[in-house]
Structure formats: structure tokens, C-alpha cells
Amino acid sequence: MTAPFSICVYCGSRAGVAEPFVQSARDVGRWVGERGGQLVYGGGNKGLMGTVADATLAAGGTVVGVIPHALVEKEFAKRDCTELHVVDTMHDRKQKMAERAGAFLALAGGIGTFEELFEVWTWRQLGYHDKPVGILNTTGYYDPLLQFLAGSVRAGFMNDWQMDLVRVGTEPAALLEALVAGSKPAGAQDLSRI
Ligand code: AMP
């Protein structure tokens with residue numbers, strides 16, 4: 001059976017030092033799973049990545065993991081994903097993740113998460129896709145980044161419309177509802193030529 005929606009979650013390969021980060025990854029996975037949705041993510045079993053995938057599966061959802069060969073051992077590829085795709089390069093990974101999802105959500109994470117978030121955001125501003133992009137701002141983790149971005153608008157390097165392409169929320173359920181409501185069919189855009 002086809003899942004009613006597919007959401008790509010970017011998040012830390014570490015768990016962070018505070019329980020709310022793990023809890024919100026669990027909440028996101030459970031929300032997706034309870035609705036029979038599909039999680040697309042980086043295919044690892046470490047940190048928040050493992051947490052969100054486990055929670056999705058436990059609640060009855062499907063999980064598509066996409067991981068490059070080079071990271072299969074380093075990030076403990078999650079063998080019990082509904083689908084685990086082992087791809088050649090990091091770029092293949094990001095392309096497949098973006099194509100298989102109808103919306104994107106970044107949870108707390110490190111530079112890998114930032115890079116993925118900024119990439120789908122810039123792809124959206126350039127019109128390569130029109131899928132919603134969200135940031136779950138657990139315990140204000142992203143406040144300094146959001147302040148920096150507001151400063152970038154004030155400094156004339158960004159416009160408000162670019163900020164409006166990203167939806168920021170603090171409650172997993174409310175944010176997921178909004179992203180899924182605006183989500184596009186997975187695979188709607190060919191992202192192979194970016
Ligand atoms: P991090 O947020 O740094 O813990 O990384 C989260 C995930 O992002 C991990 O699965 C990393 O392998 C992945 N990642 C790191 N750098 C990149 C990149 N350039 N492109 C795609 N994924 C990346």
C-alpha cells in the first residue's frame with residue numbers, strides 16, 4: 001500500500017546532550033508512523049537519526065534509508081529499514097532523499113544536518129522543487145541561526161520571501177501537520193540535473 005505522505009527528516013547522527021532532542025525525534029517518528037506515513041532519512045542507526053527511524057517503524061510507518069557505501073559502517077546502516085538504499089556518493093544520497101519525499105524537516109543536528117537543510121532550501125528558492133521545508137526548533141536550538149538569518153535580511157543579502165520558504169515550529173505535531181498538508185507527491189520533480 002502506498003503511504004499517504006512521505007517526509008524527509010534531516011537530523012543529527014548524534015543524540016545531543018539534552019533529553020528534549022531525543023524526545024522530539026521520537027515524537028516526529030511516532031507522528032509519521034501512526035498515520036501510516038513514510039520517513040525518508042539518511043539510513044543510519046546512530047543518534048537522532050536512529051531514534052526517528054525506530055519510532056516511525058514502531059508506530060507502523062515505513063522507513064526509506066539512503067546511505068553511501070562509505071558510511072555503511074561509520075553510521076551503522078539501519079538494516080531493518082523498510083527499504084535501505086546503499087548508494088555511491090553523498091550527492092546520490094541527497095538527490096534520492098529529496099526525490100523520495102514530498103516535504104522536508106530538519107531537527108536538531110550538526111553540520112551534516114545544516115548542509116542538507118540549506119541545500120533543499122536553496123533548491124526551493126531556485127525553483128528546482130516546490131516542496132515545503134521546515135525547521136523543528138526544539139528548546140530554541142536554532143534561535144541563534146534564525147537571528148543570524150534575520151541579520152542577513154537586514155544587511156540586504158536575503159529577502160523576506162526567502163525566509164518565508166521555511167516554516168519554523170516548536171511543536172512536532174503542528175509543524176508536521178502543516179508540512180504534510182502542503183506536501184507534494186514524492187518524485188514529482190527530477191533533481192538529477194542540479
Ligand atoms: P550531523 O548533523 O553532522 O550529525 O550529520 C547528519 C547526517 O548528515 C549524517 O548522516 C551525515 O552523514 C550527513 N551528512 C554530512 N555531510 C553531508 C553532506 N555533505 N551531504 C549529505 N549528507 C551529509
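For ligands, and for the atoms within them, numbers begin at 1 and follow the listed sequence. Being a predicted model, the structure only gives us computed values, none of them experimental.
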Atom 18 (C) of ligand 1 - nearest protein heavy atom and its distance
Glu115 OE1, 3.3 Å
With Phe104, which residues qualify under ring pair (Phe, Tyr, Trp, His ring centres under 6.0 Å), at least two apart?
His129
Under 4.0 Å to a heavy atom of Gly110 - the qualifying atoms of ligand 1, by number
1 (P), 2 (O), 3 (O)
Heavy-atom pair of closest approach, residues Ala59 and Arg30:
CB-O, 3.8 Å
Distance to 0.1 Å, residue and atom name: give those for the protein heavy atom nearest to atom 3 (O) of ligand 1.
Gly112 N, 2.9 Å
Within the 4.0 Å heavy-atom shell around Gly12, which atoms of ligand 1 are there?
2 (O), 4 (O)
Using heavy-atom distances, let me know which of Lys94, Met90, Lys46 sits nearest atom 23 (C) of ligand 1.
Met90
Run the numbers for me: atoms of ligand 1, each under 4.0 Å from some heavy atom of Glu116, listed by number.
8 (O), 13 (C), 21 (C), 22 (N), 23 (C)
Spell out, yes or no, whether Tyr128 and Val40 are grouped together once hydrophobic residues are joined by side-chain heavy atoms under 4.5 Å, including indirect joins.
yes
Quick one, Asp88 and His69 - any side-chain contact, counting heavy atoms below 4.5 Å?
yes
Pairwise ring pair (Phe, Tyr, Trp, His ring centres under 6.0 Å) hits with a residue in residues 13-33, at least two apart
Phe5-Trp31, Phe21-Tyr141
Met90 side chain reached by Leu71 side chain, heavy atoms, under 4.5 Å
yes
Tell me whether Thr51 contacts the main-chain N or O of Gly47 through its side chain, where contact means a donor paired with an acceptor under 3.5 Å.
yes
Heavy atom to atom 12 (O) of ligand 1, shortest distance: which of Arg14, Met97, Glu75 holds it?
Glu75
Gly42 near ligand 1 by a heavy-atom separation under 4.0 Å
no
Return the minimal non-hydrogen interatomic distance between Ala106 and Thr113, and the atom names on each side.
CB-CG2, 4.4 Å
Check for me whether Gly44 has a heavy atom closer than 4.0 Å to any atom of ligand 1.
no
Here the atoms of ligand 1 under 4.0 Å from any heavy atom belonging to Ser13 are 1 (P), 4 (O), 5 (O), 6 (C)
For Cys11, state whether at least one heavy atom is located under 4.0 Å from any atom of ligand 1.
yes
Out of all atoms in ligand 1, which are within 4.0 Å of some heavy atom of Met49? Include the element for each.
7 (C), 9 (C), 10 (O)
Below 4.0 Å, non-hydrogen atoms only: which portion of Leu71 touches ligand 1? Side chain, backbone, both or neither.
side chain
Quick one: does Lys184's side chain have a donor or acceptor within less than 3.5 Å of a partner on Gly182's backbone?
yes
Atom 13 (C) of ligand 1: nearest protein contact (heavy atom, Å):
Arg93 NH1, 3.3 Å
